[in-house]
Amino acid sequence: MKTPKPSPAKLLAWYDIHRRVFPWRALPGERPDPYRVWLSEMMLQQTTVATVGPYFTAFLAKWPRVQDLARAEREDILRAWSGLGYYRRAHALHEAAQQVVTEHDGVFPSSEEALLRLPGCGPYTAAAVAAIAFNQSANVVDGNVERVVARLFAFEMPLPKGRPVLRALAATLVPNARGGDYAQARMDLGSTVCTPRLPACETCPWRATCLAHRLGTETTFPRRTTSKTPRRRLCGFAFVIRDAKGLVLLRLRPPKGLLGGTLGVPTSPWEESPVTLGTARSHAPTAARWTLMPEPVRHVFSHFDLELQVAVATTAKPLEGRWVAPEDFPTEALSTLMRKVLARAGVG
DNA sequence: AATCCGTGGGC
DNA sequence: TGCCCAAGGAT
């Protein structure tokens, strides 16, 4: 039996009632600020709405316009980004802001093509900014939309291989008016109604045209091919060393790679097999009388688990790095991992 | 194309 | 506890 096409009008009528209010989202009748839309989308990449909220507010208060952000120091941006994760986004954010100022006279471009040239702005973010900030009928596809559309069509091709086909299917549903509302409506539907585990199909405006619902197999979509690479578990030592004044030695990590550009205590190399302090101490910033904290810090990254033993000592020697007072930790560009290490050492 | 890149919350 | 997922992008 043939299913009629899911109607944009029904979804938009639902959105007009159930739309959510966010600090970055314009109220009905308000003109969206492209800078705010872009800033929020950069933060929302693989990050939940609840987590982003305070960061967005803080960034906007500190750097109200793209020109302010472009002029900022990179480290100040990393300070404000501290704890949000995926620190490459913070670097890209700064570079993109500078690019908007120097190449677009401080005015955000409105075409997906131009937006795609900004660092950190990929297919999703370019489409989202074009739609939400400029009301274009862009095909905005995030994880929510993938799930919604896969269920609508009982889409059998497993992701990620089937992603291009699914995106094309999603594009056929985009109306030529209210592009911004439609993009946000599709994502709101996915995050509040068409959820991964327990979808609230009874309240869904697209229930009548959803093939998976008709089949009673909603939660089996989208299909996925499971990645077979086993998760690694790495071990190492973190060295927390203080001077006579109680200042802690911190070093800036290289700008690229894991936790790029953030501040942290020196560590030994991280390895697959457990190491002893006797071996690891050759990587310490200096020879000292190390006290080992009884419990290691365990931290979960996106692609491996880390277990760091925390060694603590005091020294009078001058060492390479920055000596930072614990009272300044809250505003420093520390990763969550390093905040855990400092807390475990009793200096956080 | 598969891997790298953070963190927090839900169940 | 362990796994999944979250307004993905770069290489």
Side-chain angles (χ1 to χ4, degrees), chain A residues 20 22-25 36-56 78 81-93 95-96 115-133 138-148 159-164 167 170 180 182-192 194-199 219 222 224-234 253-262 264 297-306 333-340:
Chain A
R20 293 181 291 172
F22 296 125
W24 50 85
R25 183 177 276 186
R36 298 186 192 201
V37 173
W38 164 78
L39 178 60
S40 69
E41 292 300 342
M42 290 293 289
M43 291 181 167
L44 286 163
Q45 290 170 8
Q46 292 289 283
T47 309
T48 58
V49 161
T51 301
V52 165
Y55 286 90
F56 176 83
L78 282 158
W81 198 272
S82 166
L84 197 49
Y86 288 135
Y87 295 92
R88 175 160 49 193
R89 292 184 296 171
H91 297 270
L93 190 79
E95 288 171 20
L115 288 163
L116 269 174
R117 288 191 219 111
L118 298 176
C121 193
Y124 163 76
T125 305
V129 173
I132 299 170
N139 183 32
V140 183
V141 181
D142 70 336
N144 289 308
V145 175
E146 283 182 351
R147 185 172 58 255
V148 170
L159 305 187
K161 202 170 183 179
R163 190 159 279 139
R167 289 176 48 86
Y182 181 79
Q184 293 171 95
R186 231 168 35 168
M187 293 190 283
D188 271 18
L189 185 72
S191 58
T192 65
C194 194
T195 56
R197 310 250 183 171
L198 282 171
T219 57
R224 295 184 195 277
T225 52
T226 54
S227 66
K228 35 225 163 262
T229 54
R231 195 180 176 72
R232 288 197 303 166
R233 175 175 160 279
L234 302 180
R253 297 177 63 91
K256 299 192 177 184
L258 188 72
L259 308 177
T262 63
V297 165
R298 297 176 212 283
H299 192 72
V300 178
F301 287 103
S302 48
H303 54 303
F304 67 93
D305 294 345
L306 179 64
L334 290 157
S335 59
T336 297
L337 166 66
M338 289 303 170
R339 292 190 188 282
K340 284 162 120 178

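Just so it is clear, the structure is predicted and the values come from calculations on it, not from any experiment. Convention: sequence-line order gives letters A, B, ...; per-chain numbering from 1.
No contact: A:G260 has no heavy atom under 4.0 Å from any strand. In this structure, A:S302 reaches the bases: a heavy-atom distance under 4.0 Å links it to at least one base atom across the strands shown. Across all strands, A:F304 comes closer than 4.0 Å to no nucleic acid atom at all (heavy-atom distances). Contacts of A:P160 with the nucleic acid, taken as non-hydrogen atoms under 4.0 Å apart, are absent. Within the nucleic acid shown, A:S335 comes within 4.0 Å of sugar-phosphate atoms alone, with no base atom in reach, counting heavy atoms only. Among the heavy atoms of the strands lying under 4.0 Å from A:R147 are primed sugar atoms or P, OP1, OP2 only; no base atom is included. Within 4.0 Å of A:L84, counting heavy atoms only, lies at least one base atom of the nucleic acid. Using a 4.0 Å heavy-atom cutoff across all strands shown, A:W24 reaches at least one base atom of the nucleic acid. Residue contacts shown for A:R25 include a base, since a base heavy atom lies under 4.0 Å away. Contacts of A:V300 with the nucleic acid, taken as non-hydrogen atoms under 4.0 Å apart, include base atoms.
For A:T336 and B:dT7, the shortest distance from a side-chain N or O to OP1 or OP2 is below 4.0 Å. Between A:H303 and B:dT3 there is no side-chain polar atom (N or O) within less than 4.0 angstrom of OP1 or OP2. Residue A:Q45 places none of its side-chain N or O atoms closer than 4.0 Å to OP1 or OP2 of C:dG8. Look at A:T47 and you won't find any side-chain N or O under 4.0 angstrom from OP1 or OP2 of C:dG8. Note on A:H299: every side-chain N or O is 4.0 Å or more away from OP1 and OP2 of B:dG6.
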Before giving the answer on side-chain contact (heavy atoms from CB on, under 4.5 Å), spell out for A:L39 and A:F56 the whole-Å C-alpha distance, their side-chain angles and the decisive distance to 0.1 Å.
-> CA-CA 7 Å; A:L39 178 60; A:F56 176 83; 3.9 Å; yes

Residue pair A:L118, A:E95: steps toward the side-chain contact (heavy atoms from CB on, under 4.5 Å) verdict | CA-CA 8 Å; A:L118 298 176; A:E95 288 171 20; over 6 Å; no

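Side-chain polar atoms of A:T195 and A:R147 form no donor-acceptor pair below 3.5 angstrom. For A:R20 and A:S191, the side-chain atoms include at least one donor-acceptor pair closer than 3.5 Å. Side-chain contact, A:Y124 with A:Q45: no donor N or O sits under 3.5 Å from an acceptor N or O.
Taking for each of A:K256 and A:S191 the nucleotide of DNA chain C with the nearest heavy atom, the 5'-most of the two is the partner of A:S191. Comparing A:G257 and A:T51, the nucleotide of DNA chain B nearest to each residue sits closer to the 5' end for A:G257. Each of A:T195 and A:G122 lies near DNA chain C, and the nucleotide nearest A:T195 is the one positioned closer to the 5' end.
C:dC4 atom C1' lies 15 Å from atom CG of A:L159, rounded to whole Å. Between the CE atom of A:M338 and the C1' atom of B:dT7 there is a distance of 15 Å, given to the nearest Å. Between A:R89 atom CZ and C:dG9 atom P there is a gap of 11 Å when expressed in whole angstrom units. Atom CZ of A:F301 is separated from atom C1' of C:dC5 by 19 Å (rounded to the nearest Å). Straight-line distance from the CH2 atom of A:W81 to the C1' atom of B:dT7: 12 Å, rounded to whole Å. Taking atom OH of A:Y86 as the reference point, atom C1' of B:dT3 lies 11 Å away to the nearest angstrom. With rounding to whole Å, A:L93 atom CG is found 15 Å from B:dG6 atom P. For A:K340 and B:dG6, the NZ to C1' distance is 10 Å, given to the nearest whole Å.
With P as the reference atom, B:dC5 and C:dA6 are 22 Å apart, rounded to whole Å. Here, C:dG9 and B:dG8 have their P atoms 22 Å apart, quoted to the whole Å.
A:R231 has a carboxylate O that lies under 4.0 Å from a charged side-chain N of A:D305, or vice versa, which qualifies the two as a salt bridge.
A:R186 places a side-chain N or O within 3.5 Å of a backbone atom of A:V140 that can act as its donor or acceptor partner.
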